[in-house]
Peer 1: 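Questions regarding the structure given below will be posed in turn.
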Amino acid sequence: MSSAAPVRFLKGHGTENDFVIIPDPDGALDLSAAAVARLCDRRAGIGGDGLLRVVRSAAHPEARAMAGEAEWFMDYRNADGSVAEMCGNGVRVFARHLARAGLAEAGELAVATRAGVRRVHLAKDGDVTVRMGVARLPAGPEPSVTVSVGERAWPARNVNMGNPHAVAFVTDLAHAGDLRAAPAVTPAAAYPEGVNVEFVVDRGPRHVALRVHERGSGETRSCGTGACAVMVAAARRDGADPAADGTPVTYTVDVPGGRLVITEHADGGIEMTGPAVIVAEGTVDPALLTAPPGAHVPNG
């Protein structure tokens, strides 16, 4: 692809967790970390908590093995350009884009991600449900993990939803601070590749609210995998374990950008339901993608 060719983009969000969407079906674009960071910049770029590159699985080396199950691969990047395994809100927005573009029909859809294939149910008009897989908890006794902000510290539960989470239950969400900087998590060895940190308060029976610091993005208005991790942590705290007792459990999880409904089934599978919308589309000045890190990109 010529470096002078305009690059199409869309903008979407799921419970106000927002994304730049770059359709690249043949995997022709070489998006550097610096280019992704510029696109996600809220003042000098389009702005987003992350970027979704839409690539056919057969055209991407990390997804070719999944091409038989899922035609499309969600190449997800954090706002700083770093690669991430999975994004639950992103999968819903990704699916909504495919349907809007005529690349998928309402109903059941498979999406390849770095955390594996995710199954999506896309309603014609309404919410999107994603089968998020099974939460992975540490084997054996729960390791001692602590999250701290300033002089406050809380024990945290380690939950992996294809990406790592540290879930801390607090009495007031304001205690999380401004979340511009990553909260301290110890021991650091518990999360060698960094971690998403959720702060959680109770709102009622099987109803919680959270704030989240996403690695590579800072505080976001929502985090789908984080909401699932919070649901699992809350269920275990409350004595519910569907895999052990055979009874599904559902929690309502409020995020700053809206509400998600999370269900854990007896087979351990977790489903997340919530909205996904596309709000804009256009083209990107190709100079934004090719400029060296830190360079000023002139207008026009």
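No experiment lies behind these values; they were computed from the predicted model shown. When reading the values below, keep in mind they use all heavy atoms of this one structure, side chains included, and skip hydrogens, waters and symmetry mates.
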Peer 1: Quick one: list whatever passes side-chain contact (heavy atoms from CB on, under 4.5 Å) with Arg215, sequence neighbours left out.
Peer 2: Glu85, Asn163, Pro164, Glu193, Asn196

Peer 1: Tell me, please, which residues at least two apart from Arg118 pass side chain to side chain donor-acceptor pair (under 3.5 Å).
Peer 2: none

Peer 1: If you round to the nearest 0.5 Å, how far is CD of Glu264 from CG of Asp241?
Peer 2: 6.5 Å

Peer 1: If only atom types and distance count, is the side chain of Thr220 paired as donor or acceptor with the main-chain N or O of Cys223 below 3.5 Å?
Peer 2: no

Peer 1: Quick check: does any side chain N or O of Arg53 sit under 3.5 Å from a backbone N or O of Leu29, one acting as donor and the other as acceptor?
Peer 2: yes

Peer 1: Ignoring hydrogens and geometry, is there a side-chain-to-backbone donor-acceptor pair from Asp238 to Ala240 under 3.5 Å?
Peer 2: no

Peer 1: Please name all residues satisfying side-chain contact (heavy atoms from CB on, under 4.5 Å) with Asn78, sequence neighbours left out, ordered by chain then number.
Peer 2: Tyr76, Asp80, Ser82, Ala84, Ser217

Peer 1: Quick check: does any side chain N or O of Lys11 sit under 3.5 Å from a backbone N or O of Gly48, one acting as donor and the other as acceptor?
Peer 2: no

Peer 1: CG of Asn160 to OH of Tyr191: how many Å apart, nearest 0.5 Å?
Peer 2: 8.5 Å

Peer 1: Would His207 and Asp254 count as having a side-chain donor-acceptor pair, cut-off 3.5 Å?
Peer 2: yes

Peer 1: What distance do His13 atom NE2 and Asp18 atom CG have between them, rounded to the nearest 0.5 Å?
Peer 2: 8.0 Å

Peer 1: If you measure from CZ on Phe19 to NE2 on His97, what distance do you get to the nearest 0.5 Å?
Peer 2: 14.0 Å

Peer 1: Find the distance between SG (Cys87) and CG (Asp49) and round it off to the nearest 0.5 Å.
Peer 2: 8.5 Å

Peer 1: When you measure from the side chain of Asp26 to the backbone of Ala28, do you find a donor-acceptor pair of N or O atoms at a distance under 3.5 Å?
Peer 2: no

Peer 1: With a 3.5 Å distance limit and no angle check, can you tell me whether Arg203 reaches the backbone of Val208 through a side-chain donor-acceptor pair?
Peer 2: no

Peer 1: Just how far is it from atom CE of Met272 to atom OG1 of Thr15, taken to the nearest 0.5 Å?
Peer 2: 8.0 Å

Peer 1: Spell out, as yes or no, whether a donor-acceptor pair under 3.5 Å connects the side chain of His165 to the backbone of Val167.
Peer 2: no

Peer 1: Output yes when a side-chain donor or acceptor of Arg92 lies under 3.5 Å from a complementary backbone atom of Ala276, and no otherwise.
Peer 2: no

